[in-house]
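A short worksheet on the structure shown next.
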Number of protein chains: 2
Amino acid sequence: MNIKQPNKNLVLVPMLKALADETRLDIVRTLRDTPGELSCGDIGERMSIAKSTASYHFRTLREAGLISTRKDIRTKYVSLRRDVFDEYLPGFLDSL
Amino acid sequence: MNIKQPNKNLVLVPMLKALADETRLDIVRTLRDTPGELSCGDIGERMSIAKSTASYHFRTLREAGLISTRKDIRTKYVSLRRDVFDEYLPGFLDSL
DNA sequence: ACCATAGTTCTATGAATATAAAACAACCAA
DNA sequence: TTGGTTGTTTTATATTCATAGAACTATGGT
């Protein structure tokens with residue numbers, strides 16, 4: 001591959017761990033396929049999981065660098081870090 | 001993306017779980033970068049892990065469909081299922 | 001027959017993961 | 001101020017995972 005990065009695993013392993021879960025994979029698909037913005041609550045509802053569980057999954061994805069959040073005072077909106085996917089997992093979102 | 005498969009997660013999640021580990025990621029890289037064939041022992045030695053641990057990782061990768069093995073009576077040779085990578089994780093091996 | 005080689009399976013163990021109830025924090029609205 | 005909405009953190013629990021020693025299987029060489 002192109003430029004040799006020092007310890008790529010450090011970034012990649014948490015990313016793959018974050019994606020290696022059915023619920024989080026579904027969250028990523030939902031975000032990819034939804035034009036408008038989605039809140040944590042919206043997504044949690046679609047996944048039919050407890051809000052604390054949803055929060056845990058969002059944290060996992062965020063800490064892996066795969067999503068970002070925007071707080072609108074009351075509501076927290078979630079979006080995909082497409083740039084990160086493109087850099088570390090090019091093609092993944094399309095094949096998902 | 002193209003043809004809708006019934007429950008893609010069933011295949012994809014075990015694959016991502018298999019890849020979400022530093023040692024197994026290194027095994028995959030080693031296989032990708034090595035021209036000739038490699039045996040289980042060869043790889044285990046390079047990873048500096050116990051042979052039982054190596055065997056466990058090979059089983060994980062094999063059950064995920066990512067590698068295949070060829071037994072030469074005494075020795076077991078491991079190879080990447082590049083076709084599987086191309087189908088489910090196109091581009092991954094190149095970006096790894 | 002005996003020993004060495006190559007791997008798998010069994011067993012044990014400590015660490016990490018996924019789940020959700022409960023308590024908490026921050027905010028808005030009536 | 002009281003109460004409802006939105007999400008995080010804490011705590012608990014059950015499960016899965018990574019590791020390796022020990023025993024076992026299979027094969028070959030001498």
Side-chain angles (χ1 to χ4, degrees), chain A residues 7 9-31 34 36-80, chain B residues 7 9-31 34 36-80:
Chain A
N7 233 347
N9 286 350
L10 220 75
V11 181
L12 199 50
V13 170
M15 272 182 194
L16 291 168
K17 273 190 204 296
L19 293 169
D21 175 89
E22 175 139 33
T23 300
R24 289 191 294 266
L25 220 44
D26 286 340
I27 290 173
V28 170
R29 277 199 200 94
T30 300
L31 288 169
T34 303
E37 273 186 317
L38 283 173
S39 69
C40 294
D42 289 337
I43 301 171
E45 205 172 327
R46 295 199 194 192
M47 303 297 143
S48 310
I49 51 180
K51 62 179 179 172
S52 57
T53 305
S55 189
Y56 161 73
H57 286 308
F58 291 131
R59 181 156 53 84
T60 303
L61 287 167
R62 186 170 32 74
E63 286 177 355
L66 297 174
I67 62 170
S68 62
T69 52
R70 179 180 77 78
K71 203 171 158 220
D72 189 33
I73 299 176
R74 212 191 195 117
T75 310
K76 210 165 182 180
Y77 292 101
V78 187
S79 56
L80 280 188
Chain B
N7 233 345
N9 286 350
L10 220 75
V11 180
L12 200 51
V13 170
M15 272 181 194
L16 291 168
K17 273 191 204 297
L19 293 169
D21 176 89
E22 175 139 31
T23 301
R24 289 191 294 266
L25 220 44
D26 286 341
I27 291 173
V28 169
R29 278 199 199 93
T30 301
L31 288 170
T34 303
E37 274 185 318
L38 283 174
S39 69
C40 293
D42 289 339
I43 302 170
E45 206 171 326
R46 295 199 194 191
M47 304 296 142
S48 309
I49 50 180
K51 61 178 179 171
S52 58
T53 305
S55 189
Y56 161 73
H57 285 309
F58 291 130
R59 180 154 55 84
T60 303
L61 288 167
R62 185 169 33 74
E63 286 177 355
L66 297 175
I67 62 171
S68 62
T69 52
R70 178 180 78 78
K71 203 173 158 220
D72 189 35
I73 299 176
R74 209 187 197 121
T75 310
K76 210 165 181 181
Y77 291 100
V78 186
S79 55
L80 279 188

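These numbers come from the heavy atoms of this one structure, side chains and all, not from hydrogens, waters or symmetry mates. Quick note on labels: first sequence line is chain A, next is B, and so on, each numbered from 1.
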B:T75/B:D72 under side-chain hydrogen bond (donor to acceptor under 3.5 Å, both in side chains): CA gap, chis, key distance, verdict
CA-CA 5 Å; B:T75 310; B:D72 189 35; 5.5 Å; no

Identify all side-chain donor-acceptor contacts of residues 44-56 of chain B below 3.5 Å with residues at least two apart in sequence or on another chain.
none

So if I take residues 36-47 of chain A and measure heavy-atom distances to DNA chain D, which residues fall below 4.0 Å?
A:S39, A:C40, A:G41

Pull out every protein N or O sitting under 3.5 Å from an N or O of nucleotides 22-30 of chain D, one pair per line with the distance.
| residue | atom | partner | partner atom | Å |
| --- | --- | --- | --- | --- |
| D:dG28 | O3' | B:R74 | NH1 | 3.2 |

Quick one: how far along DNA chain C does chain A reach, first to last nucleotide 5' to 3', anything under 4.0 Å to a heavy atom?
C:dT17 to C:dC28

Taking only side-chain nitrogens and oxygens of A:T75, does any of them come within less than 4.0 Å of OP1 or OP2 of D:dT6?
no

Can you measure from CZ (B:R59) to NE2 (B:H57) and round to the nearest 0.5 angstrom?
11.0 Å

Rounded to the nearest 0.5 Å, what's the gap from CG on B:L31 to CG on B:D42? Could you check?
10.5 Å

A:D21 side chain vs A:R24 backbone, donor-acceptor pair below 3.5 Å:
yes

Can you list, in residue-number order, the parts of residues 14-24 of chain B that come under 4.0 Å of DNA chain C, counting heavy atoms only?
none

Can you tell me the distance, in whole Å, between the CG atom of A:N9 and the P atom of D:dA18?
14 Å

I need the residues from residues 54-66 of chain A with at least one non-hydrogen atom less than 4.0 Å from DNA chain C; give them sorted by number, or say none.
A:Y56, A:H57

